[in-house]
Amino acid sequence: MNLTEKIISAHLVSGKMKAGEEISIHIDQTLTQDSTGTMAYLQFESMGIDKVKTYKSVAYIDHNTLQSGFENADDHAYIQSVALKHGISVSKPGNGICHQVHLERFGVPGMTLLGSDSHTPTGGGIGMLAIGAGGLDVAVAMGGGALYLTMPQVVKVELRGSLRKNVSAKDVILEVLRRLTVKGGVGKVIEYCGEGVKSLSVPERATITNMGAELGATTSIFPSDNVTKAFLRAQGRESDYVPMRADPGARYSDEIVVDLNELVPLVACPHSPDAVKSVREAGKLKVDQVCIGSCTNSSYLDMMKVASILKGKRVHPEVSLTISPGSRQVLTMLAENGALADMISAGARVLECACGPCIGMGQSPKNNAVSVRTFNRNFYARSGTATASVYLASPETAAFTAINGYLTDPLDCPPIDDIKMPKQFLINDNLILNPADFSEVEVVRGPNIQPFPQHKALADTVSGEVLITLEDNITTDHIMPSNSKLLPYRSNIPYLSDYCLQPSDPTFAGRAKEKNGGFIVAGANYGQGSSREHAALVPLFLGIKAVIAVSFARIHRDNLINNGILPLEFTDASDYAKLSQGDELVIEDARAQVATGIVRVKNVTKDYTFETRMPLSDRLQKIMLAGGVLASLAD
Ligand code: MIC
Ligand code: SF4
């Protein structure tokens with residue numbers, strides 16, 4: 001067996017491990033973060049379960065830490081109280097980004113982790129099968145329910161050799177993205193192996209598995225070996241070490257070889273993580289802003305590399321450099337060894353250990369700016385400035401660029417000092433609250449928490465207008481934008497609904513309301529990116545009955561089904577171009593058609609009928625007919 005199959009078989013609850021078939025697996029650990037967490041806990045509460053049934057569940061507060069009104073702080077109070085009441089540990093604001101902290105303090109090789117955040121696969125860096133999902137799936141897992149998923153194909157990425165000086169783990173994943181694209185990983189797990197693995201530390205492996213989310217993959221995973229053991233020992237958790245690797249001769253659906261020696265520094269150009277070029281090819285672009293951090297590149301190792309580049313230098317006068325260390329552990333260690341002082345004296349603006357600018361929580365660049373970021377997503381308008389051009393690069397590229405003021409190839413710069421992984425990390429869990437220390441917790445609910453939209457059983461006749469036609473690769477940042485003005489309303493769907501699809505068409509929400517809902521039509525890979533259920537809940541609130549697309553991203557398709565919106569795929573992709581905004585569509589006998597997996601849609605305006613596919617297991621058919629998971633649980 002390959003490593004993925006080994007972990008799945010040890011957790012299999014139902015189904016056969018045959019690619020494409022529905023299976024369900026037991027979940028050992030869960031994580032939530034605050035921007036998806038409020039919804040997840042409201043849903044968890046509605047299930048009426050007293051205590052979580054997982055081995056470990058953690059509620060992180062790391063996204064909405066910009067408290068520009070009472071909303072975020074109220075949400076934090078809700079999350080903290082509801083979590084402690086139900087046996088869930090809490091990582092308080094300031095403790096760090098969920099994925100970085102989870103890797104440091106809780107990740108266990110061979111375990112399964114389900115998180116209400118698409119970058120949960122970061123845990124694959126420590127040999128976990130770590131999967132991102134909508135909050136509802138996480139709520140079910142917290143209650144002891146299995147996670148249902150399609151058995152993925154497993155792709156082997158063989159790493160050969162080792163990285164040259166100034167070339168980074170980020171360049172490895174950018175190379176994989178260049179080859180496979182943002183839809184190349186859909187339905188797949190990316191499993192890393194080969195002699196090159198041992199040259200990469202756990203945080204470097206985690207950079208690679210983290211950004212595997214941008215491939216659309218179910219998850220990515222590295223073996224657990226002596227490097228993993230040393231990392232766990234340095235975190236004071238050697239007893240959590242379990243060696244894990246694929247059997248010799250294990251089978252894979254596909255194989256890719258990446259020669260680490262040959263890699264050069266790469267950059268993802270606007271507005272897609274797969275628009276990858278070499279830094280050299282991208283040219284010496286004048287840069288206005290550099291942001292270092294995010295769950296992809298904010299480990300101790302990354303920060304030390306950045307500090308060693310900045311030491312004794314000055315940030316270019318026309319550049320604004322921000323640095324967000326990934327966790328309080330990292331920040332404290334930088335403070336103690338002097339690296340933080342090197343960053344500050346060079347002119348860096350040091351931010352809180354949180355997601356920050358990655359999700360548009362501050363630091364939106366100026367109009368038409370060029371911003372180089374070590375993050376994982378450069379989707380249109382995600383920075384909060386629609387006219388800005390965001391490039392994704394390694395910490396090395398970012399730091400040299402900040403000094404020079406133009407996009408700089410680290411291979412043209414002096415080799416950076418050797419940074420060793422610490423033998424012992426600084427362990428201080430003061431900002432982690434454990435439920436055992438709290439009794440009699442009362443759940444605190446601020447006025448910002450509004451009930452979520454009502455799920456209605458699927459009607460027999462589904463009809464409405466095509467409200468919008470969209471291109472390929474529409475992200476959840478298009479469907480439900482997030483920035484410092486909108487994130488505080490993650491528990492207020494009516495408020496958010498006015499901003500649905502705003503980056504694509506600011507008139508969409510108004511038209512949807514006026515027409516009482518209708519259909520969304522889209523190209524391939526609709527809903528890529530975040531796990532935010534809001535990208536389904538808000539359309540549900542607006543009365544969207546179905547999305548007809550050439551294809552869907554995994555988490556978003558699950559979120560649509562969980563919320564009773566039909567995810568229909570054109571059987572013949574050429575039918576996509578025949579539909580126009582304003583066309584009147586009707587699906588007759590919708591309930592009966594769900595069982596067949598084929599749904600015929602009549603275009604009344606243009607007088608023809610076309611066929612769509614919606615292959616659903618018996619379980620999912622029941623959910624679809626009931627109008628969503630919560631409705632089906634109540635049935
Ligand atoms: C993101 O990177 O887009 C987020 C913000 O972390 C999301 C979660 C969210 O939308 O709250 C994700 O990746 O799932
Ligand atoms: Fe936070 Fe950005 Fe990572 Fe999402 S991608 S979890 S917003 S740091």
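Start at 1 and go down the list; that is how both ligands and their atoms are numbered. These numbers come from a predicted model, not from an experiment.
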*Do you see an N/O/S atom of C295, backbone or side chain, under 2.8 Å from atom 3 (Fe) of ligand 2?*
yes

Within a distance under 4.0 Å of any heavy atom of [X], pick out the atoms of ligand 2 and give their elements.
X    : result
H99  : 6 (S)
I359 : 7 (S)
N376 : 5 (S)

Classify the side-chain pair [X]/[Y] by whether it contains a donor and acceptor separated by less than 3.5 Å.
X    : Y    : value
S327 : Q329 : no
R205 : T122 : no
N428 : R328 : yes
D74  : N448 : no
N210 : N376 : yes

Give the residue and atom name of whichever protein heavy atom lies nearest to [atom], and the separation in Å to one decimal.
atom                    : result
atom 2 (O) of ligand 1  : R382 NH2, 2.9 Å
atom 2 (Fe) of ligand 2 : C358 SG, 2.3 Å
atom 8 (C) of ligand 1  : Q33 NE2, 3.1 Å
atom 1 (Fe) of ligand 2 : C355 SG, 2.3 Å
atom 10 (O) of ligand 1 : R532 NE, 2.6 Å
atom 11 (O) of ligand 1 : S35 OG, 2.5 Å
atom 13 (O) of ligand 1 : S118 OG, 2.5 Å

_Quick check on the 6.0 Å ring-centre criterion: do Y499 and Y489 meet it?_
no

*To the nearest 0.5 Å, what is the distance between CD (Q289) and CG (L321)?*
9.0 Å

By number and element, which atoms of ligand 1 are closer than 4.0 Å to a non-hydrogen atom of [X]?
X    : value
H63  : 4 (C), 5 (C), 6 (O)
I359 : 5 (C)
D117 : 4 (C), 6 (O), 7 (C), 8 (C), 12 (C), 13 (O), 14 (O)
S531 : 12 (C), 14 (O)
S530 : 3 (O), 7 (C), 8 (C), 9 (C), 10 (O), 12 (C), 13 (O), 14 (O)
R490 : 9 (C), 10 (O), 11 (O)

For ligand 1 and [X], I'd like to know whether there is a polar contact (N/O to N/O, distance under 3.5 Å).
X    : result
S482 : no
D477 : no
S116 : no

Do the rings of [X] and [Y] sit parallel, tilted or perpendicular, given the 30° and 60° boundaries?
X    : Y    : answer
H556 : Y526 : perpendicular
H271 : Y380 : perpendicular
F44  : Y41  : perpendicular

*Under a 4.0 Å N-O cut-off, is there an ion pair linking D477 with R377?*
no

_Distance check below 2.8 Å: does H63 bring an N, O or S atom to atom 2 (Fe) of ligand 2?_
no

_As a quick check of understanding, evaluate salt bridge (Lys or Arg N to Asp or Glu O under 4.0 Å) for R490 and D75, giving each step before the final call._
CA-CA 9 Å; R490 278 294 183 92; D75 283 2; over 6 Å; no

_Taking NZ in K85 as the centre, count heavy atoms belonging to other residues, nucleotides or ligands within less than 6.0 Å. Is the count above 12?_
no

_Close approach, M480 and ligand 1, non-hydrogen under 4.0 angstrom_ =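 Checking ligand 1 against M480, which is what was asked, there is no heavy-atom contact under 4.0 Å.
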
*Counting heavy atoms only, which part of R377 comes closer than 4.0 Å to ligand 1: side chain, backbone, both or neither?*
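Looking at R377 and ligand 1, just side chain atoms fall under 4.0 Å.
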
*Which is it for N210 and ligand 2 at heavy atoms under 4.0 Å: side chain, backbone, both or neither?*
neither

*Would D28 and K56 count as a salt bridge (Lys or Arg N to Asp or Glu O under 4.0 Å) if you check the C-alpha gap in whole Å, the side-chain angles of each, and the deciding distance to 0.1 Å?*
CA-CA 7 Å; D28 301 314; K56 182 87 204 168; over 6 Å; no

